[in-house]
Colleague: 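The structure follows.
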Amino acid sequence: MTLAAALTRSTRREAGKVSREADGLAVASFVLGLLGLLVMNILLGPTAIVMAVLALARSTARRGRALLGLALGIADLVVLGVLVTANGTVSWSLGG
């Protein structure tokens, strides 16, 4: 095995690792954004936004999921703003 072949394999392995991490960030941002619509949107919304931006910056193969995670994270913050405006508190309940 030549030095060039060894370096090429090493580079591919590192690129695959970065891509896999970026894909994981994209999926995690989507899941956290979705969960944030129901519970703890004050924490999960910004976390979903940060993870989605990181995944997009790292050129994820799951670009659609990262964009959905970004949109859901923003929606979490919008829902939080609406609930705070309507109730005057950060917490909310379905009981009325």
Side-chain angles (χ1 to χ4, degrees):
M1 179 184 304
T2 65
L3 181 60
L7 288 175
T8 303
R9 279 191 179 163
S10 175
T11 305
R12 283 185 195 158
R13 229 178 291 140
E14 289 176 15
K17 183 179 177 185
V18 170
S19 176
R20 198 170 34 185
E21 288 176 0
D23 292 348
L25 284 170
V27 173
S29 71
F30 172 70
V31 170
L32 290 179
L34 200 57
L35 283 175
L37 289 174
L38 302 173
V39 294
M40 295 193 311
N41 49 3
I42 197 166
L43 294 173
L44 297 180
T47 305
I49 292 170
V50 169
M51 287 182 151
V53 169
L54 285 173
L56 290 171
R58 293 181 182 179
S59 301
T60 180
R62 298 177 186 258
R63 186 171 168 80
R65 290 218 176 112
L67 291 172
L68 280 172
L70 182 63
L72 287 170
I74 292 169
D76 291 347
L77 297 179
V78 169
V79 167
L80 177 66
V82 168
L83 291 173
V84 167
T85 303
N87 291 343
T89 69
V90 177
S91 63
W92 57 281
S93 66
L94 297 175

Colleague: So how far is it from Thr47 OG1 to Ile42 CD1, rounded to the nearest 0.5 Å?
Modeller: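 Nearest 0.5 Å value for the OG1-CD1 distance: 11.0 Å.
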Colleague: Could you list the donor-acceptor pairs under 3.5 angstrom formed between side-chain atoms of residues 24-32 and any protein atom two or more places apart in sequence or on another chain?
Modeller:
| from | atom 1 | to | atom 2 | distance (Å) |
| --- | --- | --- | --- | --- |
| Ser29 | OG | Leu25 | O | 3.4 |
| Ser29 | OG | Ala26 | O | 2.8 |

Colleague: Side chains of residues 62-82: which donor-acceptor partners sit under 3.5 Å, not counting sequence neighbours?
Modeller:
| from | atom 1 | to | atom 2 | distance (Å) |
| --- | --- | --- | --- | --- |
| Asp76 | OD1 | Leu37 | N | 3.1 |

Colleague: Answer yes if Val53 and Leu44 sit in the same cluster of Ile, Leu, Val, Met, Phe, Trp and Tyr residues linked by side chain heavy atoms under 4.5 Å apart, and no otherwise.
Modeller: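 No, because Val53 and Leu44 fall into different hydrophobic clusters, even though each may have its own neighbours under 4.5 Å.
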